Number of protein chains: 2
Amino acid sequence: MSYQLLKNQVNQTIEISHSDLENFCNAFTSKTIKKKEFLLSQGRIYKYEGFVVSGCFRVFTIDKKGNENNLYFAAQNWWLMDIDSFLNQTPSNLNIQALEDSEVLLIRREDKLKLYESLPIIEKLFRIMSQKALVAWQRRLIRNNTLTAKERYVHFVTTYPNIVCKLTDKQIASYLGITHEFLSKIKKQG
Amino acid sequence: MSYQLLKNQVNQTIEISHSDLENFCNAFTSKTIKKKEFLLSQGRIYKYEGFVVSGCFRVFTIDKKGNENNLYFAAQNWWLMDIDSFLNQTPSNLNIQALEDSEVLLIRREDKLKLYESLPIIEKLFRIMSQKALVAWQRRLIRNNTLTAKERYVHFVTTYPNIVCKLTDKQIASYLGITHEFLSKIKKQG
DNA sequence: CAAAATAGTTGAACTTGTTCAACTTCCTAA
DNA sequence: TTAGGAAGTTGAACAAGTTCAACTATTTTG
């Protein structure tokens, strides 16, 4: 049952009544996405927010020179969202693509806004999740400023082994902010 | 009146009744902090959250080699918090130091937790503020991965001129993730 | 005001990471 | 099942950024 993962995560984050949790989960619909398909393309306004049940996604930007930059990866239990586009309803700068056949639970923007109104506990849920994510991004930035490429690579593969095994080296290099040629050389050094 | 800035920021973020806003602001107490004094030192558990009324602070980590790494600066209308320490009540990895004589509005952790209970709108306030901050951190990380040091420097001084003018080049270099010697060379090139 | 500490500059040698190009290997779609 | 296209490897030349050391401002403090 694909909703169980979502329920688990909510229960681990906040205390919520059974009926409120049901109401929350009922706002989501399941969707399967084939490998290489896009959940969101740059320039579009993002109307959904997603919880990954199975599979894996990459979230990336494309700069002026046409280079892709992987911002993060999302496997089981991760959230997929472009907060910027979702908050402000501005065209997205992000692309979200499935790296393998995947299942996500999607909630429409309007439905989420309604939930914020009808269930204040949902504000708390996303307040806490956002704050936790913020801490993670701050730490990642510190690592990028203080560690070498090799140290960052070692940190990534040891911290997220279940995601790393689904990725190509090219994708990892882009996430780490280095070229894939250089990652190849790092790996050769041992 | 130092509370007016706080009220303005809240009003710009959410719709809130006059009495709720009063209750929120009443939980804060004003404190003046002299230049170079610390609001928080690494290893302590952070019991307060602060809103900067005047002056300027730097938030930084110290790594194993003893190098300081400026994470961000906070001038008027910015918030000072170690979310990680505040959320989990774990010893802080951050140091918060005044760069000039400053005034902050402080709220105690317990009082903030009480406010979350009694005023659900405060959950919304911090949910939105956290999500906006998250977007800013994501963008900063993308810039760090895709721009050269010089481009990052130009972006920083043009985006935050009112903060830059309060900083030394050494502090800016640390924020950008480069050495102060290299920043000096960047500036010389024009 | 004088002394001491801190901030900023410059150069030379060095390390880290990039670019480009050629090659190999491994998928994958017709 | 095989041709075509990604993904990965390697090397050489290069660019970006660091380190160390010596020096010059500029603040800070007694």
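Only a predicted model underlies this, so the values are computations on that prediction, with no experimental measurement involved. Convention: sequence-line order gives letters A, B, ...; per-chain numbering from 1.
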Check DNA chain C against residues 175-182 of chain A and give the residues with a non-hydrogen atom under 4.0 Å, in numerical order. A:Gly177, A:Ile178, A:Thr179, A:Glu181, A:Phe182
Proximity to the side chain of [X] - top-ranked nucleotide from [options]:
X: A:Ser184; options: C:dG8, D:dT29, D:dT10; value: D:dT10
X: B:Thr168; options: D:dT9, D:dA7, C:dA7; value: C:dA7
X: A:Lys185; options: C:dG8, D:dT28, D:dT10; value: D:dT10

Interatomic distance, [X] [atom1] vs [N] [atom2] [rounded to whole Å]:
X: B:Gln97; N: C:dT6; atom1: CD; atom2: P; value: 12 Å
X: A:Leu183; N: D:dG8; atom1: CG; atom2: P; value: 9 Å
X: B:Asn144; N: C:dG17; atom1: CG; atom2: C1'; value: 16 Å
X: B:Asn67; N: D:dG17; atom1: CG; atom2: C1'; value: 15 Å
X: A:Gln171; N: C:dC27; atom1: CD; atom2: P; value: 14 Å
X: A:Asp169; N: C:dC27; atom1: CG; atom2: P; value: 13 Å
X: B:Gln189; N: C:dT9; atom1: CD; atom2: P; value: 13 Å
X: A:Ile172; N: C:dG17; atom1: CD1; atom2: P; value: 16 Å

Quick one: is D:dG17 close enough that its OP1 or OP2 comes under 4.0 Å of any side-chain N or O from B:Lys150? no
Looking at A:Lys188, does any N or O in its side chain come under 4.0 Å of the phosphate oxygens OP1/OP2 on D:dG11? yes
Between B:Lys35 and B:Leu147, whichever has its closest DNA chain D nucleotide further toward 5' is B:Leu147
Would you tell me whether B:Asn8 and B:Gln12 have side-chain atoms, one donor and one acceptor, within less than 3.5 Å of each other? no
Start with the C-alpha gap between A:Glu117 and B:Lys124, add the side-chain angles, then the distance that decides, and say whether side-chain contact (heavy atoms from CB on, under 4.5 Å) holds. CA-CA 10 Å; A:Glu117 300 299 322; B:Lys124 187 187 207 80; 3.7 Å; yes
Beyond-backbone contact of A:Leu99 with A:Gln171, side-chain heavy atoms, under 4.5 angstrom: yes
Quick one, B:Phe73 and B:Phe156 - any side-chain contact, counting heavy atoms below 4.5 Å? yes
I want to check a possible cation-pi pair here: B:Arg152 against B:Tyr175, using under 6.0 Å from ring centre and within 45° of the ring axis as the test. no
Lys/Arg cation over aromatic A:Phe86: A:Arg109, 6.0 Å, 45° cone: yes
Residue pair B:Val53 / B:Gln76: nearest heavy atoms and the distance that separates them: O-NE2, 3.0 Å
